[in-house]
Amino acid sequence: MTTDLLAGLNEAQREAVEAVDGPLLILAGPGSGKTRVITHRIAYMIRSLDVSPRSVAAVTFTNKAAREMRERLFGRSEHDPASPLLPGMWNYRHEFTVSTFHALCAQILRREALHAGLESTFVIYDQEDQLEAVKQAMEIQEIDPKRFSPRSVLNAISAAKSSLIEPEAFAAARSTFADEIVSRIYRQYQGLLSRNNALDFDDLLLKAYALFRDNAQVLDKYRSRYEYLLIDEFQDTNVAQYAIARQLAGKHRNICVVGDPDQAIYSWRNADIRNILSFQRDYPDARTVTLGENYRSTSTILDGATGVISANNRRIDRPLTTSNGRGDPILVGEAYTPEEEAQQVLGEIQRLRKDSGHSLGDCAVMYRVNAQSRALEDGCLRRSIPYKLIGGVRFYQRREVKDVIAYLRVVQNPYDDVSLLRIINVPPRGIGQRTVEQLVHDARVQGIPVYAAAQLAAEAEQQGQSSRDRGSRTGRAVSRFLYVVNALIESAGSLQIEELIDAIMERTGYREHLRAEGDQGQERLENIAELRATARELQPMEPSERLAAFLEGAALVSDVDALEEGEDAITLITLHQAKGLEFPVVFIVGLEEGMLPHIRSFDDPEQMEEERRLFYVGMTRAKERLYLTRSFRRDFRGGSGASRPSRFLSDVPQSLVSSLAMAGRRSAVTPLGARPAYQGSAAAEPSGEPPLKSGERVRHARFGDGIVVSCVPSGTDHEVTVAFKGSSGIKRLLYTFASLERLE
DNA sequence: CTTTCGGGATTTTTT
DNA sequence: ATCCCGAAAG
């Protein structure tokens, strides 16, 4: 019975599975069979130790990881041909808790709303909503958004919340003038959210923590239930999340955390690697198991990745081993433009497909910023290669989707000012800035929601009590708007969500509004159709809860969650989103200074180390083949500039690397001679000052303005490669003859 | 008072 | 390329 769960595990893995009681820290390197250990561990508890699935909670980083864990344990369907680890327990699958911290907290807060001092219908604000609320708070506090950017204020507030610092504590600890400002906005912001019956992402954690802290009964209920707690991706948890984990583990102390400090890439979201140290401090009796054997990658890929990560100073050296073969070398490619880089990548994918039997689904292209997906998408379209784009402009972030969701939120809770103000004049209906200001002012003076203020204004209008000029036009516009909203609220109870969406589209004129936008509007209508389709997938439930559940899903679902197996297409994905995934063939594009490492990390050594970890995460996704590519030129804010190779490339041991033939190139130029560019520029620069440096702007009589890509000696002369704007493209010129004029 | 248009500044990564 | 603000037009 138990033997098959332990069979096929190495010694460390087996130890991690069997150490069920007491605190346990699992340090799991990439590809070390972490998922296997976690699932076998849970199955082992339930099957061999007779633990009830109800007593187990697992916390994952994404909803997708949660879903997959449930599937491995209980099966995909009742009679899943792929045998699950817990055969015949299909009916118990919902007893077992597995979700993200945010989803778990949202669920608890809804259930315990009464004790948490919340309304169970609270909405969840995403970042855009948060930013709106911060702006509103700043306006009330009369703080100039030009002097203090709402964005950084929000970051400061979020950082405080992630460390469980509530407004009072923040005010008490403030020391600088900037703190003083943030403190005032923070308090105001929390007030606005609570008046709007809204929680932001951080509140989900903060309020759950506070609920457990302040209500011993509720805490006891949950900590009694969850005898066994498991937290995945522990290196990317924040202080609040860890605090909640400790609260929940407070009774039984069976807490298992799994992580890898080398894969910590979310410090910007206030994740704190030091949680691993805190864990060891808080649970001095914790056992530590290290999983160091890699089963995923070739030794070449692993050694390359090790070379990269070893350059980080603040880390404990923990060797990774593998008994996999050497496999192919790591291939380094160079192109002139991102478009060409994409051609190169896609050409190679098509070649692999033909020559080595790889499917498109085997291949993933990874990049640092979402904007880089565009060149790749274009290339795929041109070559008719199917692709799956993960993220991009994320679905639930799209303007039209957010607009419809804002309408749905207003229908559910008209006192949600942020949502109401979002749609009050969308589509334009004669309620302009001035009128909105007046309404917001009225609301503020009377301490009522904007919706109520609008209601009053409309009544006054009808009774002819309002001042003349506010009369006819705007007053009637407000009345008309309220009439539509109220009609929607009334009909909501009897409608399915799809029907409600349809009603919104028709009655508010939103459909017509988009239709008038032409092509783009058509695309937007399709996105709304997609939103409508997701509503139909909702599980049957109480009509009153249906809308709340739908809105919660819309707020908490991420895009990796949508990554479905099956369809044969290449995957385009950011390095962050690639965490936890693996592919036989991985391309990492844009290996340039400023891109990866990103320019924003240049002045902070800690951030630079995080960039390196990000690269490491990407490299270790690859099982068989790894490609690293860069472009000489990178578009930037409309313009474009020359770029230097990423410093990370020089940390990949050269013996593991081979140069990628430039299959997709337009011109037959050999860049920078035969020498691989990853050696870095300084190493190979010849004697004698080059007349031009890469990155300088120059003008040519015939080709116009351009940017120097490279300048290398050629006999007694220098050969200058220039990327010209417009149709001239890339030209190689001899310096003496070209008569280039340097531009400042 | 509202809408629209143009110019200026600004972009990492996401539960 | 996209958001924000001010100015002009309706």
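Protein chains get the first letters and strands the later ones, always in sequence-line order, with residue 1 at the start of each.
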message: Please report the distance, rounded to the nearest Å, between CD in Q130(A) and P in dT14(B).
response: 15 Å
field: All side chain to side chain contact (heavy atoms under 4.5 Å, CB included) counterparts of R444(A), not counting sequence neighbours
entry: E139(A), I140(A), V440(A)
task: For E512(A), enumerate each residue passing the salt bridge (charged side-chain N to carboxylate O under 4.0 Å, His left out) test, keeping only those at least two apart in sequence or located in another chain.
output: R515(A)
query: Less than 5.5 Å between centroids and less than 30° between ring planes, does W268(A) satisfy that with dT13(B)?
result: yes
message: If only side-chain N and O atoms count, and only distance matters, is there a donor-acceptor pair under 3.5 Å linking D200(A) with Y189(A)?
response: yes
Partner set under salt bridge (charged side-chain N to carboxylate O under 4.0 Å, His left out) for D232(A), not counting sequence neighbours: K34(A)
message: Can you see if the side chain of N370(A) gets near the phosphate of dT14(B) - specifically, an N or O under 4.0 Å from OP1 or OP2?
response: yes
query: Considering heavy-atom distances to DNA chain B, does H598(A) or V436(A) have its closest nucleotide positioned more toward the 5' end?
result: V436(A)
message: Whole angstroms only, please: what is the CD-P distance between Q438(A) and dC1(B)?
response: 8 Å
Could you list the donor-acceptor pairs under 3.5 angstrom formed by side chains in residues 257-264 of chain A, with sequence neighbours left out?
residue, atom, partner, partner atom, Å
D260(A), OD1, D262(A), N, 3.0
D260(A), OD2, Q263(A), NE2, 2.9
D262(A), OD1, R315(A), NE, 2.9
D262(A), OD2, R315(A), NE, 3.3
D262(A), OD2, R315(A), NH2, 2.7
Q263(A), OE1, R621(A), NH2, 3.3

Short side-chain N/O contact to dT14(B) OP1/OP2 from T574(A), under 4.0 Å: yes
D129(A)/R409(A) salt bridge by N-O under 4.0 Å criterion: yes
Every protein N/O lying under 3.5 Å from an N/O of nucleotides 3-6 of chain C:
residue, atom, partner, partner atom, Å
dC4(C), OP1, K135(A), NZ, 3.0

query: How many Å lie between CD on E233(A) and P on dT14(B), as a whole number?
result: 15 Å
- prompt: Strictly by modelled atom types, are S267(A) and E610(A) linked by a side-chain donor-acceptor pair under 3.5 Å?
  reply: yes
message: Could you tell me how far apart R600(A) (CZ) and dT10(B) (P) are, to the nearest whole angstrom?
response: 11 Å
- prompt: What's the CD-C1' distance between E128(A) and dT14(B), to the nearest Å?
  reply: 14 Å
message: List the residues meeting salt bridge (charged side-chain N to carboxylate O under 4.0 Å, His left out) with D202(A), not counting sequence neighbours, and say none if there are none.
response: none
message: Expressed as a whole number of angstroms, how long is the span from L572(A):CG to dT13(B):P?
response: 15 Å
task: With heavy atoms under 4.0 Å as the rule, sort F101(A) into base, sugar-phosphate or nothing.
output: nothing
statement: Rounded to whole Å, CD1 of I124(A) lies from P of dT14(B) at a distance of 19 Å
Show me the protein contacts with nucleotides 3-8 of chain B, counting only N or O atoms at under 3.5 Å.
residue, atom, partner, partner atom, Å
dT3(B), OP1, G430(A), N, 3.1
dT3(B), OP2, N425(A), ND2, 3.0

message: In whole Å, I'd like the distance from the CD1 atom of I588(A) to the P atom of dT13(B).
response: 17 Å
message: Is there a side-chain contact between Q127(A) and the phosphate of dT14(B), meaning an N or O under 4.0 Å from OP1 or OP2?
response: no
task: Could you tell me which residues satisfy salt bridge (charged side-chain N to carboxylate O under 4.0 Å, His left out) with D417(A), sequence neighbours excluded, listed by chain and number?
output: none
- prompt: Is the shortest side-chain N/O distance from R434(A) to OP1 or OP2 of dC1(B) below 4.0 Å?
  reply: yes
message: Restricting to side chain to side chain contact (heavy atoms under 4.5 Å, CB included), what partner residues turn up for N270(A), sequence neighbours left out?
response: S158(A), A159(A), S162(A)
